[in-house]
Structures are given as structure tokens and as C-alpha cells.
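Take a look at the structure set out below.
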Amino acid sequence: ADPDLLQDFCVADFNASISVNGFPCKPADEVNSDDFFFDGLSKEGNTSNMFGWSVTAANVLAFPGLNTLGISMNRVDFAPGGLNPPHSHPRASETGVVIKGKLLVGFVTTSNMFVVPRGLVHFQINVGKGKALLFTAFNSQLPGSAVAATTLFASKPSIPNEVLTKAFQVDDDVIKNIKSKFGS
Ligand code: GLV
Ligand code: MN
């Protein structure tokens, strides 16, 4: 989904003072091989949290060599019962392969791989007995992630309860309760 590149590479310069679509390129004499390797995906993430899951993102922010290349990956770890909560990626379609365990995947599933079209809400939940491990790949250097629960219930400023009670057809105390779980 990202635009085509106009040069072989453009390693992200996070310190540049100008702001462009993506990140400006580091000067060529500062580019080195470390910019093109990332070892974060080999490490199991910490799943001790309210959802029992962890996402390790190999996007441009973690991996400056990805800048302008239009791809990225995630490692997703699931404790038993762990949930990757409903979310969407505004800038990328996603494909994923289940490496270990058994996941129920909402959107489209075919054996151990699935695909999620850009912008559509999706989730994965570990329905197996043990841990599960998933690798996902994106056609964007920075897919973005809009997590439904946090965008709706933990935005700042917060969405008026009147909107949420009407949208979900529930009482005010239900909305207050959900907002309190997400710290707002
Ligand atoms: C899974 O949905 C992911 O965004 O890595
Ligand atoms: Mn996703």
C-alpha cells in the first residue's frame, strides 16, 4: 500500500528536523549494515498483561532500513487463552502464518495462513492448550494499528458517553465500566 520507492534504499533518519511522508534518508556515509538487520523477532514477547498477548513490531520505527520499502512484520505471542484484540491497520493489508498452537482468526482463514484486507477489523485468540506463535507481514513500513477498544473507550479527549450508549445500545454505567478498564 505504500508508494513506490525512488531509490534503492533510504534508511530512516529519526533525528531529521524536516517532516516528510515517511522519514528522510540518513546521509549515505552514516548508513551501515545494522540498519538492515533486526533480531527482535527471535525473542518471545512478555504476555503478562490483561489480554495475554504480545506484539513485537519489526516496522520502520524498530528497523530503520525498512523506510520507503513498503513492508514490515510482527511477531505475535499468545499465552493460553491470549487475545490479540480487535484492531485494524489503516495503511496495510496483513498476512500471517501460525507457527505454533491453534488460533481462531477473524477475518479470512485458510489452513494456517490468513489474510486481512487493509483497514478491516480483525483479531486472533489462542484456542489451543499451550502457547501460540504467529508471524504477520504487511505491505507498509508502518501499518498503524487502531485497536477498537482503545480508540472507542480510551481516546483523549474521550468520546462522549452519549455517543457510546447510543452506538452500543447500553446504559451509561456499562460505558463507564468499560472506560474504567482502559484507564479513562
Ligand atoms: C496481527 O493482527 C498483527 O497485527 O500483527
Ligand atoms: Mn493485525
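All ligand and atom numbering here is 1-based and tracks the order in the structure. Values reported hereafter were calculated over all heavy atoms of this structure, with side chains retained and with hydrogens, waters and symmetry mates removed. Position 1 is the first residue of the sequence; numbering continues from there.
Nearest heavy atoms, Phe23 versus Val60: CE1-CG1, 3.7 Å.
Val121 and Phe138 fall into different hydrophobic clusters, defined by Ile, Leu, Val, Met, Phe, Trp and Tyr side-chain heavy atoms under 4.5 Å apart, directly or through other members.
Side chains of Gln141 and Asp2: a donor-acceptor N/O pair is absent below 3.5 angstrom, by distance only. In this structure, a donor-acceptor pair under 3.5 Å is absent between the side chains of Asn15 and Lys26. Residues Asp172 and Thr165 bring no donor and acceptor atom of their side chains to less than 3.5 Å of each other.
Under a 4.0 Å criterion applied to the non-hydrogen atoms of Asn74, ligand 1 contributes the atoms 3 (C), 4 (O), 5 (O). Ligand 1 places these atoms under 4.0 Å from at least one heavy atom of Thr136: 1 (C), 3 (C), 5 (O). Using a 4.0 Å cut-off to heavy atoms of His122, the atoms of ligand 1 that qualify are 2 (O). Annotation for ligand 1: atoms under 4.0 Å from non-hydrogen atoms of Val76 are 5 (O). Remark: ligand 1 atoms within the under-4.0 Å shell around heavy atoms of Asn84 are 1 (C), 2 (O), 3 (C).
At the Mn ion (ligand 2), the angle from NE2 in His122 to OE1 in Glu94 is 90° when rounded to 10°.
Although no hydrogens or angles enter the test, the distance criterion places no donor-acceptor pair under 3.5 Å between the side chain of Asn59 and the main chain of Phe63.
Not a single heavy atom of Val55 sits less than 4.0 Å from an atom of ligand 1. A heavy-atom separation below 4.0 Å is found between Phe138 and ligand 1.
By the criterion of a heavy-atom distance under 4.0 Å, neither the backbone nor the side chain of Leu134 is placed next to ligand 1. Residue Trp53 does not touch ligand 1, judged by heavy-atom distances below 4.0 Å.
Distance from atom 1 (C) of ligand 1 to its nearest protein heavy atom, with residue and atom name: Glu94 OE2, 3.0 Å. Among all protein heavy atoms, the one lying closest to atom 4 (O) of ligand 1 is His89 NE2, 3.0 Å.
Put simply, CG on Asp35 and CZ on Phe9 are 9.0 Å apart, with the number rounded to the nearest 0.5 Å. With rounding to the nearest 0.5 Å, the separation of CG in Asn139 from OG in Ser93 is 5.0 Å.
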